[in-house]
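Beneath this line is the structure, given in structure tokens, with notes to follow.
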Amino acid sequence: MEHNRVLFFENYTAAVSYRNSWTRMASTLGCMKIVLSPSLLIVKPHWYAKWLIVLLQLDLCHEIPVSSIRSVRETGTWFSYGKVEISFRTTGGTVRKILLYLRNYREFAHMAAGARM
């Protein structure tokens with residue numbers, strides 16, 4: 001059950017999808033949950049925001065196999081959050097990017113880079 005072990009978990013964070021200009025404008029501060037295990041990165045909204053995020057098609061419900069992650073890059077800070085850009089390949093073969101706003105962004109970047117090895 002090693003693949004179910006949680007390497008990183010952060011609650012009440014934010015994320016932005018780079019899929020299009022609409023998704024880049026959306027604010028999800030305090031609405032997202034990030035879970036990283038050795039085999040999977042889960043980016044999903046909390047129950048109270050999920051219906052709105054899905055309705056607005058903000059592209060922020062992902063279960064990304066770690067093997068599909070192409071890059072993990074710190075891109076600076078915003079107030080008390082660090083920004084981490086994740087590039088990944090979808091099951092359809094396209095490359096997508098999301099930006100995570102995390103309080104423990106350095107720990108996440110370190111753990112995500114280690115999980116990709």
Side-chain angles (χ1 to χ4, degrees):
M1 284 300 186
E2 178 71 18
H3 59 84
N4 291 333
R5 186 171 50 97
V6 173
L7 299 174
F8 180 88
F9 174 80
E10 193 162 302
N11 239 339
Y12 307 110
T13 187
V16 172
S17 171
Y18 287 161
R19 188 181 69 186
N20 58 42
S21 59
W22 170 252
T23 60
R24 290 176 199 209
M25 292 188 308
S27 174
T28 62
L29 187 59
C31 297
M32 302 300 295
K33 180 189 310 189
I34 310 300
V35 181
L36 176 68
S37 75
S39 60
L40 196 63
L41 170 62
I42 299 170
V43 177
K44 69 179 189 175
H46 283 281
W47 64 270
Y48 55 83
K50 184 174 183 172
W51 68 272
L52 185 58
I53 288 171
V54 170
L55 179 70
L56 295 174
Q57 300 178 358
L58 297 183
D59 187 40
L60 291 175
C61 298
H62 295 286
E63 290 190 5
I64 306 164
V66 169
S67 60
S68 297
I69 296 174
R70 315 255 308 152
S71 66
V72 176
R73 187 171 66 94
E74 293 179 38
T75 62
T77 59
W78 180 77
F79 294 99
S80 63
Y81 292 90
K83 300 186 291 184
V84 179
E85 183 182 86
I86 308 291
S87 175
F88 63 97
R89 186 170 300 280
T90 66
T91 54
T94 61
V95 175
R96 303 261 287 281
K97 290 183 182 180
I98 55 175
L99 184 63
L100 305 177
Y101 291 81
L102 303 166
R103 287 179 293 281
N104 298 310
Y105 66 101
R106 287 199 171 111
E107 179 187 349
F108 173 82
H110 176 74
M111 293 299 217
R116 290 180 50 227
M117 297 292 171

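Keep in mind that the numbers below use all heavy atoms, side chains included, and drop hydrogens, waters and symmetry copies. Residue numbers count from 1 along this sequence.
When every heavy atom of Ser87 is checked against every heavy atom of Val95, the shortest pair comes out as OG-CG1, 3.4 Å. Shown here for Ile42 and Glu63, the closest heavy-atom pair between the two residues is CG1-CG, 4.1 Å. The heavy-atom pair separating Ser17 from Asp59 by the smallest distance is OG-OD2, 2.6 Å. Considering every non-hydrogen atom in both Val54 and Cys61, the closest pair reads CG2-SG, 4.1 Å. Taking all atoms of both residues into account, the shortest heavy-atom contact from Val66 to Leu36 is CG2-CD1, 4.2 Å. Residues Arg19 and Gln57 approach most closely at NH2-O, 3.0 Å, considering heavy atoms.
Taking the side chain as every heavy atom from C-beta outward, Arg70 and Arg89 approach each other to under 4.5 Å. Side-chain contact between Leu7 and Phe108 is absent, with no heavy-atom pair separated by less than 4.5 Å. The shortest distance between side-chain heavy atoms of Thr94 and Arg96 falls below 4.5 Å. Glu107 is not listed as a side-chain neighbour of Leu102, based on a closest heavy-atom distance of 4.5 Å or more.
Grouped by direct or indirect side-chain proximity (heavy atoms under 4.5 Å, Ile/Leu/Val/Met/Phe/Trp/Tyr only), Trp47 sits with Tyr12, Tyr48.
We find the OG1-CG distance between Thr75 and Leu99 to be 5.0 Å, quoted to the nearest 0.5 Å. Rounding to the nearest 0.5 Å places NZ of Lys44 at 12.0 Å from CD1 of Ile53. In this structure, CG in Leu60 is found 14.5 Å from NZ in Lys33, a value given to the nearest 0.5 Å. Distance check: Thr23 OG1 to Ile98 CD1 gives 11.0 Å after rounding to the nearest 0.5 Å. A distance of 13.5 Å separates CG in Leu58 from NZ in Lys50, rounded to the nearest 0.5 Å.
For NZ of Lys83, the number of neighbouring non-hydrogen atoms (other residues, nucleotides, ligands) closer than 6.0 Å is greater than 12. The neighbour count for Arg106 CZ, taken as heavy atoms of other residues, nucleotides or ligands under 6.0 Å away, does not exceed 12. More than 12 heavy-atom neighbours from other residues, nucleotides or ligands sit within 6.0 angstrom of CD on Glu74. Atom NE2 of His46 has more than 12 heavy atoms from other residues, nucleotides or ligands within 6.0 Å.
Partner of Ile64 under the side chain to side chain contact (heavy atoms under 4.5 Å, CB included) criterion, chosen from Thr91, Leu40, Ile69: Ile69. Partner of Val72 under the side chain to side chain contact (heavy atoms under 4.5 Å, CB included) criterion, chosen from Leu41, Val84, Leu100: Val84.
Remark: side-chain polar atoms of Arg24 are paired, donor with acceptor, to backbone N or O of Tyr18 under 3.5 angstrom. At distances below 3.5 Å, at least one donor-acceptor pair connects side-chain atoms of Glu10 with backbone N or O atoms of Asn104.
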Legend entry - Candidate pair Leu29 and Trp78, rule side-chain contact (heavy atoms from CB on, under 4.5 Å), full reasoning: CA-CA 12 Å; Leu29 187 59; Trp78 180 77; 4.2 Å; yes
